[in-house]
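What follows is a short report on a single structure.
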Number of protein chains: 2
Amino acid sequence: MRGSLTLGLLVELRDIEIFLTLAEELHFGRTAERLRVSPARVSQAVSKQERRLGVALFDRTSRHVSLTPVGRRLREDLQQAVDLLQAGLARAEAAGLGAGQRLRVGVFGHAGHVLRPLVDAFRARYPGSDVQFGEVYGSDPFTALRTGDNDVHVLWLPVAEPDLTVGPTVLTGGRVLAVSADHPLADRGTASLEDLADNHVVDLGPGAPEYWVASMVPTRTPRGRRIPRGPAARTFHEILSLVAAGHCVHPLGDVAARYNSPPGVVFLPMPDAPALQWALTWRSTADGPAVRALAQTAADLGPISM
Amino acid sequence: MRGSLTLGLLVELRDIEIFLTLAEELHFGRTAERLRVSPARVSQAVSKQERRLGVALFDRTSRHVSLTPVGRRLREDLQQAVDLLQAGLARAEAAGLGAGQRLRVGVFGHAGHVLRPLVDAFRARYPGSDVQFGEVYGSDPFTALRTGDNDVHVLWLPVAEPDLTVGPTVLTGGRVLAVSADHPLADRGTASLEDLADNHVVDLGPGAPEYWVASMVPTRTPRGRRIPRGPAARTFHEILSLVAAGHCVHPLGDVAARYNSPPGVVFLPMPDAPALQWALTWRSTADGPAVRALAQTAADLGPISM
DNA sequence: GTACCTTACGAGATACGTAACCATC
DNA sequence: GATGGTTACGTATCTCGTAAGGTAC
């Protein structure tokens with residue numbers, strides 16, 4: 001049996017939010033846009049409320065939308081209630097954040113340095129909280145998130161896991177190809193995606209989904225030549241060792257090149273490779289206030305470009 | 001894509017209601033009972049809120065439940081907001097009810113008369129509104145509801161239609177068997193379910209689902225003898241004509257006997273037939289304020305016994 | 001051992017988007 | 001004919017109940 005007609009509360013907050021936004025915008029399309037839903041949804045939500053209440057809240061044609069007197073009154077009442085509600089929730093959340101939550105953020109290599117502006121902004125906003133960086137490996141990008149060892153990962157897109165939420169992009173940049181200093185390409189100064197077919201790339205193993213690996217390490221070049229997957233490695237340093245030894249090459253985000261000068265390895269820009277987006281990612285069911293606060297800060301700050 | 005993190009409103013009203021009730025009861029079981037949900041649901045809802053807020057709202061063991069300081073404060077804030085919200089919605093709804101809504105209620109035969117106390121109570125509570133009775137036939141109990149021709153039907157239970165909501169029971173009573181005045185049973189003064197097997201009963205046709213028809217006109221007697229379905233009829237008066245002519249007998253709620261003395265027909269009580277419940281029923285998507293008001297009135301009044 | 005809160009999992013309900021439709025200018 | 005609100009319908013998501021599990025008395 002479902003909730004039944006216990007009493008009151010026949011309308012949900014989501015519908016109220018839609019109503020209030022429409023009351024402000026007086027335009028279904030803009031309302032939908034602001035709330036990131038389809039115009040159809042706005043229409044459905046408003047109709048539902050009007051059915052429930054048995055009164056028209058808006059007078060509308062396809063040319064004009066306006067509040068009815070009942071709607072106007074309802075808007076005032078609901079706005080006040082919602083403000084109160086948000087204030088209460090915000091206060092409780094602040095109590096949690098103030099108590100000081102530690103956020104473990106997993107990044108590749110030393111990318112944490114590049115994210116310094118974000119961390120600083122976050123710390124400034126939420127003095128009680130803090131961010132610690134941990135390392136995450138391409139061979140296993142999600143496990144630490146799922147076990148709860150980390151709260152957030154900074155991963156290249158696309159990430160399409162049903163249990164994970166992809167938040168704002170924090171970093172954008174190009175790609176580089178890591179090659180041995182002895183490699184013939186090293187002297188060219190740049191590399192192309194086509195060059196991958198002439199070399200082995202590291203095999204990251206089965207810990208990462210194929211679609212995600214392929215977006216960094218394609219299986220074919222743009223012209224369709226197969227890219228051979230070579231020796232296996234799990235960590236960043238294992239990869240660089242294999243590259244330095246000349247056993248293979250490997251594509252990486254250019255963040256990797258920023259604070260690394262490993263002996264015997266050269267990073268060659270790949271101008272023809274599409275740009276990368278790195279986004280905050282977390283377990284959907286573990287979106288605590290600290291995670292949301294970081295995401296909000298990142299969204300306000302906008303992506304950092306390399 | 002789902003709603004996204006547009007802004008606030010991360011908690012739904014239903015969860016808030018659960019939180020507030022638990023804050024009052026300080027007992028998961030009682031809270032669940034009051035809200036007509038399972039204890040598991042209460043636990044889930046509270047945990048979810050605590051995850052979202054990142055703070056414990058209740059201290060609890062399996063022996064004791066109490067509010068944390070944060071929870072106590074949140075309760076005050078939310079209670080105030082919810083009160084405001086309900087007041088606003090109630091005002092809008094009252095505006096609709098005050099504008100005078102006409103409710104079309106479908107009943108069998110003259111059952112409307114028996115419902116007089118309900119109608120009077122409803123009219124007294126909502127002076128702007130009114131109830132009109134229309135007739136509904138056993139051969140087609142739902143169509144008028146689905147087309148919107150009627151707003152509510154008074155139907156015997158069980159009603160199990162996915163698009164219909166079953167509200168409070170308004171009437172309880174026994175059953176009678178309509179037989180011709182010439183029928184051998186007429187002199188006995190009462191009838192038994194077993195007697196049905198010796199006579200044809202009216203066939204109501206395909207307009208009503210079998211489970212519903214069978215609850216009034218079984219296909220077999222308690223002892224398992226088949227009950228023959230005889231001539232077809234759609235309306236109440238058609239049924240009585242067939243019965244009067246001696247072509248068949250037919251079981252009915254005893255409401256039917258109350259205000260009817262059709263010539264040539266006798267109604268025999270059936271003491272061994274289980275009692276009937278008659279409940280308000282409406283289209284789930286058409287539960288306007290008038291319908292809810294009637295349902296609430298009926299719930300407060302309790303069922304009328306014949 | 002009993003009362004009672006929690007976790008795991010599956011089924012049903014509902015929110016939502018897409019696409020086609022209709023109305024107003 | 002362009003802009004903008006509505007309806008129909010299928011799908012993804014979430015709510016919720018059932019059942020099994022844990023914990024304090």
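The analysis underlying the following values was restricted to heavy atoms, covering all of them including side chains, and did not include hydrogens, waters or symmetry mates. Proteins get letters first, then strands, A, B, ... in listed order; numbering begins at 1 in each.
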### Query
Salt bridge check: are A:R125 and A:D300 linked by an N-O gap of less than 4.0 Å?
yes
### Task
Could you tell me the separation between the CZ atom of A:R14 and the P atom of D:dT13, rounded to a whole number of Å?
15 Å
### Message
Could you tell me how far apart B:E17 (CD) and D:dT15 (P) are, to the nearest whole angstrom?
### Response
14 Å
### Query
In whole angstrom, what separates A:D163's CG from D:dC14's P?
12 Å
### A:E12 side-chain N/O to B:R14 backbone N/O, donor-acceptor pair under 3.5 Å
yes
### Exam field: side chain A:H153 to backbone A:P141, donor-acceptor pair closer than 3.5 Å
yes
## Note on the structure
Separation of D:dT15 atom P from B:D15 atom CG, nearest Å, is 7 Å
## Note on the structure
Whole-Å distance, B:R36 CZ to D:dG17 P, equals 12 Å
### Message
I need the single residue from A:V105, A:V154, A:L294 that forms a side-chain contact (heavy atoms from CB on, under 4.5 Å) with A:L118. Which is it?
### Response
A:L294
### Task
Take A:F58 and A:F19 through the ring-ring contact (aromatic ring centres under 6.0 Å, His included) test and state the conclusion after the steps.
CA-CA 10 Å; A:F58 295 92; A:F19 165 73; 5.6 Å; yes
### Task
Nearest-nucleotide wise, let me know which of B:P162 and B:P39 is further upstream toward the 5' end of DNA chain C.
B:P39
### Contacting residues from residues 24-32 of chain A, given that a heavy atom lies under 4.0 angstrom of DNA chain D
A:H27, A:F28, A:G29
#### Entry: 5' priority, DNA chain C, between B:A40 and A:I18 [closest heavy atom]
B:A40
### Message
How bent is the helix from C:dG1-D:dC25 to C:dC25-D:dG1, measuring the angle between the end axes built from five pairs each, rounded to 10°?
### Response
30°
### Message
Taking B:D140's backbone N and O only, do any of them form a donor-acceptor pair with B:T143's side chain (distance below 3.5 Å, no angle check)?
### Response
no
#### Entry: Stretch residues 57-64 of chain B: residues that reach within less than 4.0 Å of DNA chain C through a heavy atom
B:R60, B:T61, B:S62, B:R63
### Message
For residues 51-64 of chain A, which residue pairs pass the side chain to side chain donor-acceptor pair (under 3.5 Å) check, not counting sequence neighbours?
### Response
A:E50-A:R60, A:R52-B:D287
### Query
Sequence neighbours excluded, which residues qualify as salt bridge (Lys or Arg N to Asp or Glu O under 4.0 Å) partners of B:D163?
B:R146
## Note on the structure
Taken to the nearest whole Å, CG/A:L13 to P/C:dA15 is 13 Å
### Message
Between A:R41 and A:D15 (salt bridge meaning N to carboxylate O under 4.0 Å), is one present in this structure?
### Response
yes
### Task
Scan residues 41-51 of chain B against DNA chain C and write down, sorted by residue number, each residue with any heavy atom closer than 4.0 Å; if none is found, say none.
B:S43, B:Q44
### Task
State whether the side chain of B:Y211 and the backbone N or O of B:A160 hold a donor-acceptor pair below 3.5 Å, judged by distance alone.
yes
### Task
Any chance you could lay out the salt bridge (charged side-chain N to carboxylate O under 4.0 Å, His left out) test for B:D149 and B:R104, step after step, and finish with the verdict?
CA-CA 8 Å; B:D149 287 339; B:R104 284 194 54 90; over 6 Å; no
### Task
Could you check whether the rings of B:W156 and B:W278 sit parallel, tilted or perpendicular, using 30° and 60° as the cut-offs?
perpendicular
### Query
Any chance the side chains of B:T31 and B:T21 put a donor and an acceptor closer than 3.5 Å?
no
